[in-house]
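Inspection log for the structure reproduced underneath, given as structure tokens.
Lettering of chains follows the sequences in order, A, B, ..., and the numbering in each one begins at 1.
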There are 2 protein chains.
Amino acid sequence: MKAFTVGQVARRAGVGVETVRFYERQGLLDEPERKASGYRQYGGGDVAVLRFIRRAKQLGFTLREIKALLALRLDGSATRSDVRAQAAAKLADIGAKIRDLQRMRDALSVLTAACHGDGPATGCPILEALDIPEDDGPGGDDHAPARPRRTER
Amino acid sequence: MKAFTVGQVARRAGVGVETVRFYERQGLLDEPERKASGYRQYGGGDVAVLRFIRRAKQLGFTLREIKALLALRLDGSATRSDVRAQAAAKLADIGAKIRDLQRMRDALSVLTAACHGDGPATGCPILEALDIPEDDGPGGDDHAPARPRRTER
DNA sequence: CTTGACCCCGTACCAAGGTACGGGGTGTAG
DNA sequence: CTACACCCCGTACCTTGGTACGGGGTCAAG
């Protein structure tokens, strides 16, 4: 029977010892058996779980979501469509992030293209585009947080 | 001379009062004049800076980077290419993030496509792909952190 | 002069995902 | 027996970008 210490299991999974303890505290990894000395004793399954966590993290899942996936894995009544639902949600999530970033990139590259030459930074279109002149009109309270507010004195 | 209180400047810029104080602490916003009572007094330029910060955040700049951009804006010796350099770095940064997310998305959608039917979750390709069998070979210490380590006992 | 909305300050707290520290016990090779 | 590496535990700390809290002062209207 192979039994690993926390350091061995960490090394096999490619994470740090503190991380293993952290995952245990977060409920991602079951509390292992202990030796008489109090040392944690892990088996091959624990290495698999740690690697699972690593891969899922690489796919963009949060620890909270990974915890749910691990629960599905052990839940006999869970179906594939449960797993697919998680994956689809994460795909939507990733897609939204990609679109956000693409919008940022496009806006910024337009600005960068408009900024040529080597004059003083003061007139640079990038800074100018950011530097919005003060809109002092009477309806100028755009984007104000939704909280109690008096009329401006 | 228009002088605003912190609440007024916050409302005009579309941020919270606490956020204005926070930006001041972070050095993004200069410490304003004070009235005898200690109340901060802002002018139109401060509103512009706060709006600048908002826009730059939308473009994906961190507060640290925005601080640098604000410094460039005021630095007479800064050139447009200084600004372009910042923008280019951020573009590279955003591009890298997009590619990371695209890789995640592709990997996950391949898995999702492979998981069909409605059987027990146990056999689902998504979970199986994550659940890496233990590679117990002699060279099996991949991805170990670079720190002092004894040979495995 | 009271009320209510606003302002002051410092400090604590939130999410996420760990990392580090310090004081102590264990395990084993030499 | 002595090293030395490893393990235990709890707690504090880190990053980013704020948000919340509590106790107190200020300002303008009624």
Side-chain angles (χ1 to χ4, degrees), chain A residues 3-29 31-42 46 50 53-54 56-68 90 93 97 143-153, chain B residues 3-29 31-42 46 50 53-68 90 93 97 144-153:
Chain A
F4 307 124
T5 67
V6 67
Q8 289 166 343
V9 83
R11 237 174 287 131
R12 278 166 191 262
V15 299
V17 168
E18 301 294 333
T19 305
V20 174
R21 297 211 311 119
F22 174 71
Y23 288 163
E24 181 181 317
R25 282 201 298 280
Q26 300 299 315
L28 282 114
L29 196 58
E31 296 195 15
E33 300 290 308
R34 301 290 187 123
K35 282 201 257 192
S37 60
Y39 281 27
R40 290 171 178 79
Q41 271 188 304
Y42 295 96
D46 297 303
L50 286 171
I53 295 170
R54 248 177 30 124
K57 264 162 49 69
Q58 284 167 9
L59 288 177
F61 289 95
T62 64
L63 294 190
R64 183 182 302 274
E65 290 160 346
I66 294 168
K67 192 173 170 183
K90 182 47 61 180
D93 209 78
K97 279 192 187 123
H143 302 289
R147 40 168 119 169
R149 180 200 316 166
R150 284 213 268 169
T151 51
E152 206 149 280
R153 326 171 234 199
Chain B
F4 306 124
T5 66
V6 66
Q8 288 166 345
V9 83
R11 237 174 286 133
R12 277 166 192 263
V15 299
V17 168
E18 301 295 332
T19 304
V20 175
R21 295 212 310 120
F22 174 71
Y23 289 162
E24 181 181 317
R25 282 199 300 278
Q26 299 300 312
L28 281 117
L29 197 57
E31 298 196 12
E33 301 289 308
R34 303 289 188 124
K35 282 199 257 192
S37 60
Y39 280 28
R40 289 170 178 80
Q41 273 188 305
Y42 295 96
D46 297 304
L50 286 171
I53 295 169
R54 255 184 18 131
R55 304 280 277 202
K57 263 161 49 68
Q58 284 167 9
L59 288 177
F61 289 96
T62 65
L63 294 190
R64 182 182 304 273
E65 291 160 346
I66 294 168
K67 192 172 169 183
K90 182 48 60 179
D93 207 79
K97 279 192 187 121
R147 41 168 120 171
R149 180 199 319 167
R150 282 213 267 167
T151 51
E152 205 149 284
R153 313 173 238 199

Nearest-Å distance, [atom1] ([X]) to [atom2] ([N])?
{"X": "A/Arg54", "N": "C/dG18", "atom1": "CZ", "atom2": "P", "result": "11 Å"}
{"X": "B/Glu24", "N": "D/dG18", "atom1": "CD", "atom2": "P", "result": "15 Å"}
{"X": "B/Gln8", "N": "D/dC27", "atom1": "CD", "atom2": "P", "result": "13 Å"}
{"X": "A/Arg34", "N": "C/dG27", "atom1": "CZ", "atom2": "P", "result": "13 Å"}
{"X": "A/Gln41", "N": "C/dT26", "atom1": "CD", "atom2": "P", "result": "15 Å"}
{"X": "B/Lys35", "N": "C/dC9", "atom1": "NZ", "atom2": "P", "result": "14 Å"}

Establish, with yes or no, whether the OP1 or OP2 oxygen of [N] is under 4.0 angstrom from a side-chain nitrogen or oxygen of [X].
{"X": "B/Arg40", "N": "C/dC7", "value": "no"}
{"X": "A/Tyr23", "N": "C/dG18", "value": "yes"}
{"X": "A/Arg11", "N": "D/dA5", "value": "no"}

Just the table, please: protein N/O against nucleotides 11-16 of chain D N/O, every pair under 3.5 Å.
residue: D/dT16; atom: OP2; partner: B/Arg64; partner atom: NH2; Å: 3.4

Notebook entry, point to check: Closest nucleotide of DNA chain D for B/Ser37 versus for B/Phe22: which of these residues is on the 5' side?
Noted result: B/Phe22

Notebook entry, point to check: A/Lys90: what forms a side-chain hydrogen bond (donor to acceptor under 3.5 Å, both in side chains) with it, not counting sequence neighbours?
Noted result: A/Glu65, A/Asp93

Nearest to the side chain of [X], heavy atoms from C-beta on, is which of [options]?
{"X": "B/Thr5", "options": "D/dC7, C/dC7, D/dT26", "value": "C/dC7"}
{"X": "B/Thr19", "options": "C/dG27, D/dC9, D/dT19", "value": "D/dT19"}
{"X": "A/Lys57", "options": "C/dC9, C/dG17, C/dC7", "value": "C/dG17"}

Margin query: Here's a test for you: under side-chain contact (heavy atoms from CB on, under 4.5 Å), which of A/Tyr39, A/Phe4, A/Tyr42 qualifies with A/Pro32?
Written below: A/Tyr42

Check: Which residues satisfy the side chain to side chain contact (heavy atoms under 4.5 Å, CB included) test with A/Tyr23, sequence neighbours excluded?
Finding: A/Thr19, A/Leu28, A/Leu29, A/Leu50, A/Ile53, A/Lys57, A/Leu63

Notebook entry, point to check: Can you find a heavy atom in the side chain of B/Arg34 that is under 4.5 Å from one in the side chain of B/Gln41?
Noted result: no

Note to self: To the closest 0.5 Å, what do you measure between CD (B/Glu33) and NZ (B/Lys35)?
What the structure shows: 12.5 Å

